[in-house]
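For this chain, numbers begin at 1 and follow the sequence in order.
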Amino acid sequence: MRMPAGGQVVDTPAAREFLDRALERISRDQCRAITAECARKAAGLQRLLAAGRCATLGEAELRTLLRAVFSTRRRVDGVIEAAGGTRALALALDELAWGAAPVAQRVDGFAGRLEPLGDPELACDLAGEVLHHLHPRRLWLFSRWLWSPRLRTGALGLVTTDADLSGDTPGETYLKLGRTLVMLRASADAGGLLGLGEEPWDLDVLLACVYCVYLYTITRLRMTQEFNKVIPPLPELVRRFLGVHRLELEEA
């Protein structure tokens, strides 16, 4: 993927500050363990969504997939219903994962299939999880904690300046996020911020740590002390955002 001509500028000092604050709550060894869990999740999804199998997934397999994604874990029934049933969802996933159209068009098509859900960002979350874990060296996440076009905030917004991250369609936004992630990886590598485990999951863990620190900060400022006590510790919260907390995919 080519670098963009301009617009997105990585704020390496901000990324370093967020990582330093995260490492007060999580060790590098714990980060490396999480990257290994992400790799296991990817292996499970690659078996589950393999070409030739994806379009024939049954209800139990689809539920396993949806429980492995943070934003769909508690909305499994709603996602299946919005897609038009298990058969329609399996076909939509197959087209997203293995269709011949450019990836932006496939993301737009998948988001359209789930439009009855009334939550465009959830559809994007699921699309990004599928694409990233099937093709981890070529494609990337589209999680709302990474970037929410609706709220115009997220981990990427916290470590870039003058970032133009939102497009006119979900697919355009997905491509803009990808270009920014290329820049961020290069900057983080040069700045020594990625000693967190194997690629490409190290960048996912870094960004999840960034967002968790941000979440702790705003929660502490806005919520009561009692509410703050129920937020999970940072290692568990990172695992939840990355969908590897109590992962069920190994036997998929």
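Hydrophobic clustering, with ILVMFWY side chains joined whenever heavy atoms are under 4.5 angstrom apart, groups Leu196 together with Trp145. Neither Trp201 nor Leu177 shares a network with the other; the hydrophobic side chains, linked directly or stepwise wherever heavy atoms of I, L, V, M, F, W or Y lie under 4.5 Å apart, form separate groups for each. Side-chain heavy atoms closer than 4.5 Å link hydrophobic residues (I, L, V, M, F, W, Y) into clusters, and following such links, possibly through other members, connects Ile218 to Leu207. By the criterion of side-chain heavy atoms lying less than 4.5 angstrom apart, applied directly or through intervening Ile, Leu, Val, Met, Phe, Trp or Tyr residues, Val107 is not grouped with Leu91; the two fall into different hydrophobic clusters.
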Apply salt bridge (Lys or Arg N to Asp or Glu O under 4.0 Å) to residues Arg150 and Asp119 and explain how you reach the verdict. CA-CA 11 Å; Arg150 180 176 62 87; Asp119 187 348; over 6 Å; no
Given Lys176 and Glu172, is the salt bridge (Lys or Arg N to Asp or Glu O under 4.0 Å) satisfied, shown in steps? CA-CA 6 Å; Lys176 289 190 174 190; Glu172 287 184 12; 6.0 Å; no
Run Arg67 and Thr72 through side chain to side chain donor-acceptor pair (under 3.5 Å) and show every step you take. CA-CA 6 Å; Arg67 285 195 296 268; Thr72 62; over 6 Å; no
Should Ser71 and Ser143 be marked as a side-chain contact (heavy atoms from CB on, under 4.5 Å) after you check the CA-CA gap, both sets of side-chain angles, and the distance that decides it? CA-CA 8 Å; Ser71 61; Ser143 303; over 6 Å; no
Should Gln46 and His133 be marked as a side-chain contact (heavy atoms from CB on, under 4.5 Å) after you check the CA-CA gap, both sets of side-chain angles, and the distance that decides it? CA-CA 7 Å; Gln46 287 161 16; His133 289 90; 5.6 Å; no
Using the side-chain contact (heavy atoms from CB on, under 4.5 Å) rule, take Thr160 and Leu184 through it: C-alpha gap first, then chi angles, then the decisive distance, then the call. CA-CA 8 Å; Thr160 58; Leu184 180 58; 5.8 Å; no
Take Arg138 and Val103 through the test side-chain contact (heavy atoms from CB on, under 4.5 Å) and record every step on the way to the result. CA-CA 11 Å; Arg138 295 192 291 111; Val103 68; over 6 Å; no
Could you walk me through whether Ser187 and Thr12 pass the side chain to side chain donor-acceptor pair (under 3.5 Å) test, one step at a time? CA-CA 7 Å; Ser187 179; Thr12 304; 2.4 Å; yes
Given side chain to side chain donor-acceptor pair (under 3.5 Å), test Trp147 with Ser166 step by step and report yes or no. CA-CA 9 Å; Trp147 177 251; Ser166 295; 2.9 Å; yes
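Of all heavy-atom pairs between Tyr174 and Leu139, the closest is OH-CB, 3.5 Å. The two residues Pro149 and Thr173 come nearest to each other via the heavy atoms CG-CG2, 4.1 Å. Nearest heavy atoms, Cys209 versus Cys31: SG-SG, 4.3 Å. Residues Phe110 and Ala127 come closest through the heavy atom pair CD2-CB, 3.8 Å. The minimum heavy-atom distance linking Leu131 with Leu96 is given by the pair CD2-O, 3.5 Å. The two residues Pro235 and Ile34 have their closest heavy-atom pair at O-CD1, 3.9 Å.
Seen from the ring of Tyr216, Arg25 counts as a face-on cation partner, given the 6.0 Å and 45° thresholds.
For Arg40 (side chain) and Val244 (main-chain N/O), no donor-acceptor pair under 3.5 Å exists by modelled atom type. Checking side-chain atoms of Ser27 against main-chain N and O of Leu23 turns up no donor-acceptor pair under 3.5 Å. Of the possible polar contacts, none joining the Ser148 side chain to the Arg144 backbone as a donor-acceptor pair under 3.5 Å is found. Of the possible polar contacts, one joining the Arg137 side chain to the Glu199 backbone as a donor-acceptor pair under 3.5 Å is found. A donor-acceptor contact shorter than 3.5 Å is absent between the side chain of Asp125 and the backbone of Phe70.
Ion pairing of Asp204 with Lys41 is absent here, as no side-chain N (NZ or NE/NH1/NH2) approaches a carboxylate O to less than 4.0 Å. A salt bridge is absent between Glu198 and Arg32: the closest approach of a Lys/Arg side-chain nitrogen to an acidic carboxylate oxygen does not fall below 4.0 angstrom. Between Glu37 and Arg239, at least one side-chain N (NZ, or NE/NH1/NH2) sits under 4.0 Å from a carboxylate O, which counts as a salt bridge. Ion pairing between Glu59 and Arg63 holds under the 4.0 Å rule for side-chain N and carboxylate O.
The shortest distance between side-chain heavy atoms of Asp164 and Thr180 does not fall below 4.5 Å. Leu19 places a side-chain heavy atom less than 4.5 Å from the side chain of Arg28. Side-chain contact check for Leu156 versus Val210: every heavy-atom pair is 4.5 Å or farther apart.
At most 12 non-hydrogen atoms from other residues, nucleotides or ligands lie less than 6.0 angstrom from CD of Glu115.
The six-membered or imidazole ring of Phe18 lies away from that of Tyr214, with a centre-to-centre distance of 6.0 Å or more. Ring centroid separation for the pair His135 and Trp98 comes in under the 6.0 Å cut-off.
Asp202 and Thr35 share no donor-acceptor pair across their side chains, judged by distance under 3.5 Å alone.
Under the rule for a side-chain contact (heavy atoms from CB on, under 4.5 Å), the partners of Glu61 that lie at least two apart in sequence or sit in another chain are Leu48, Arg53, Leu57.
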